[in-house]
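Here it is: the structure, laid out below.
FYI, side chains are in, hydrogens and waters are out, and symmetry mates aren't considered; it's all heavy atoms of this structure.
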Amino acid sequence: METKPVITCLKTLLIVYSFVFWITGAILLAVGVWGKLMLGPYISLIADNSTNAPYVLIGTGTIIIVFGLFGCFATCRGSPWMLKLYAMFLSLVFLAELVAGISGFVFRHEIKGTFHRTYTDAVLNYNAEDEASRAVDNLQHRLRCCGVYNYTSWFGSVYYPSNGIPASCCFNSSDCNPDELRNATLAPSKVFHQGCYELVTSFMETNMAIIAGVTFGIAFSQLIGMLLACCLSRIITANQYEMV
């Protein structure tokens, strides 16, 4: 009988943990949907080809939600094999998050190089109509930047000879006209001088350590759930305790 308080305590902790785990899945699902709907054009500037990152987040979030509910059910049920299966799933999530965190941190310079190539290509082939061009306009307007390194990046684009620098580079769009933007002497007084590549990569460098730390923290939190599930399963098995 003295083991019942221990089992009750472990069940309570594991249910709380599973609920938090479920919330994590819901957040990943929401971020994936938001990324697909809102960041699709920007993601195309970071990857050489179309990336499945939003779908990965949506799929991962959905799986975590399902197993979070399964964890709560297994805990309430008091089933040792269900608890072991839950612990096994948590171990897989732990390994996946650990690999993802390490890979992102180690290959951050490669990500910067890919962004440089794709963004330079988008600038040189800008036409103001396709998805990549709209993404460039949104990026320049939101970050108040112009070109790859500065506004001179546009001088080599196919768009510049007939249209000049895009209006998304202007300080004030109402004070910009195509004639001024085609003039290499007048344009600098109308457009942002800082390049977008520097802004984006400096943000990545500044926040990469924070992102990696959060990823590792979430990953190692899975160890708590694994420990609770394994301990509860072992105690229930040892004492032949079942709760229907």
How about Ile236 and Leu83: do any of their side-chain heavy atoms sit closer than 4.5 Å?
-> yes
Would you say the side chain of Cys170 lies within less than 4.5 Å of the side chain of Leu181, judging by non-hydrogen atoms?
-> yes
Relative to each other, are the rings of Tyr149 and His116 parallel, tilted or perpendicular (30° and 60° limits)?
-> tilted
What pair of heavy atoms forms the shortest contact from Met82 to Ala74, and how long is it?
-> CB-CB, 3.5 Å
From Arg142 CZ over to Leu199 CG, what is the distance, rounded to the nearest 0.5 angstrom?
-> 14.5 Å
Hydrophobic cluster identity match, Met226 and Ile235, side-chain contacts under 4.5 Å = yes
How far apart are the C-alpha atoms of Trp154 and Cys169, what are their side-chain angles, what is the distance that settles it, and do they pass the side-chain contact (heavy atoms from CB on, under 4.5 Å) test?
-> CA-CA 10 Å; Trp154 287 103; Cys169 279; 3.6 Å; yes
Closest non-hydrogen atoms of Ala229 and Ala87, given as atom of the first, atom of the second and distance, are CB-CB, 3.9 Å
Answer with yes or no whether the hydrophobic clustering places Val158 together with Phe155; edges join I, L, V, M, F, W, Y residues whose side-chain heavy atoms lie under 4.5 Å apart.
-> no
Evaluation steps, disulfide (SG to SG under 2.5 Å), between Cys146 and Cys196 | CA-CA 6 Å; Cys146 187; Cys196 298; over 6 Å; no
I would like to know whether Tyr159 and Ser133 meet side chain to side chain donor-acceptor pair (under 3.5 Å); could you show each step before the answer?
-> CA-CA 11 Å; Tyr159 184 82; Ser133 298; over 6 Å; no
Please say whether more than 12 non-hydrogen atoms of neighbouring residues, nucleotides or ligands are located less than 6.0 Å from CZ in Phe171.
-> yes
Go through Leu232 and Leu13 one step at a time and tell me if the side-chain contact (heavy atoms from CB on, under 4.5 Å) criterion holds.
-> CA-CA 10 Å; Leu232 182 57; Leu13 291 174; over 6 Å; no
To the nearest 0.5 angstrom, please state how far the OG1 atom of Thr201 sits from the OH atom of Tyr119.
-> 11.5 Å
Please examine the side chains of Val136 and Ser168, heavy atoms only from C-beta on, and report whether any two atoms are closer than 4.5 Å.
-> no
Any side-chain heavy-atom pair from Phe192 and Gln140 closer than 4.5 angstrom?
-> no
Point-to-point distance, once rounded to the nearest 0.5 Å, from CD1 of Ile64 to CD of Gln222 = 7.0 Å
Quick one: do Leu14 and Val66 end up in the same hydrophobic cluster if we chain Ile, Leu, Val, Met, Phe, Trp and Tyr together by side-chain heavy atoms under 4.5 Å apart?
-> no
Would you kindly say whether Ser18 and Tyr86 are connected by a side-chain donor-acceptor distance under 3.5 Å?
-> yes
Nearest non-hydrogen partners of Asn183 and Tyr160, listed with the distance = C-OH, 4.1 Å
Take Thr114 and Arg117 through the side chain to side chain donor-acceptor pair (under 3.5 Å) test and state the conclusion after the steps.
-> CA-CA 5 Å; Thr114 300; Arg117 289 194 304 273; 3.2 Å; yes
Find out if a path of hydrophobic residues (ILVMFWY) with successive side-chain heavy-atom gaps under 4.5 Å connects Val148 to Leu124.
-> no
Donor-acceptor contact present, side-chain Thr24 to main-chain Val20, <3.5 Å | yes
What closest approach, in Å, do Gly225 and Leu90 show between heavy atoms, and which atom pair accounts for it?
-> C-CD1, 3.4 Å
Any donor-acceptor pair under 3.5 Å linking the side chain of Ser91 with the backbone of Met88?
-> yes
Arg134 side chain to Glu129 main-chain N or O, any donor-acceptor pair under 3.5 Å?
-> yes
Would you name the heavy atoms of Asp137 and Pro166 that are closest together and state the gap between them?
-> OD1-CB, 4.0 Å
Atom pair CG/OG1 of Asn150 and Thr152 - distance to nearest 0.5 Å | 3.5 Å
Compare all side-chain heavy atoms of Ile23 with those of Phe19 and state whether any distance is below 4.5 angstrom.
-> yes
Between atom SG of Cys176 and atom NZ of Lys190, what is the distance when rounded to the nearest 0.5 Å?
-> 6.5 Å
Before giving the answer on side-chain contact (heavy atoms from CB on, under 4.5 Å), spell out for Phe89 and Val93 the whole-Å C-alpha distance, their side-chain angles and the decisive distance to 0.1 Å.
-> CA-CA 6 Å; Phe89 172 74; Val93 173; 3.5 Å; yes
Considering all heavy atoms of both residues, which atom of Ile15 and which atom of Cys76 are nearest to each other, and what is their separation?
-> CD1-SG, 3.8 Å
Within one Ile-Leu-Val-Met-Phe-Trp-Tyr cluster: Leu227 and Ile224, side-chain cutoff 4.5 Å | no
Looking at residues at least two apart in the chain, or sitting in another chain, which of them share a salt bridge (charged side-chain N to carboxylate O under 4.0 Å, His left out) with Lys84?
-> none
Which of parallel (below 30°), tilted (30 to 60°) and perpendicular (above 60°) describes Tyr17 and Phe21?
-> parallel
Name all residues meeting the salt bridge (charged side-chain N to carboxylate O under 4.0 Å, His left out) criterion together with Arg144; count only those two or more places apart in sequence or in a different chain, and write none if there are none.
-> none
To the nearest 0.5 angstrom, please state how far the CG atom of Leu29 sits from the CD1 atom of Ile63.
-> 11.5 Å
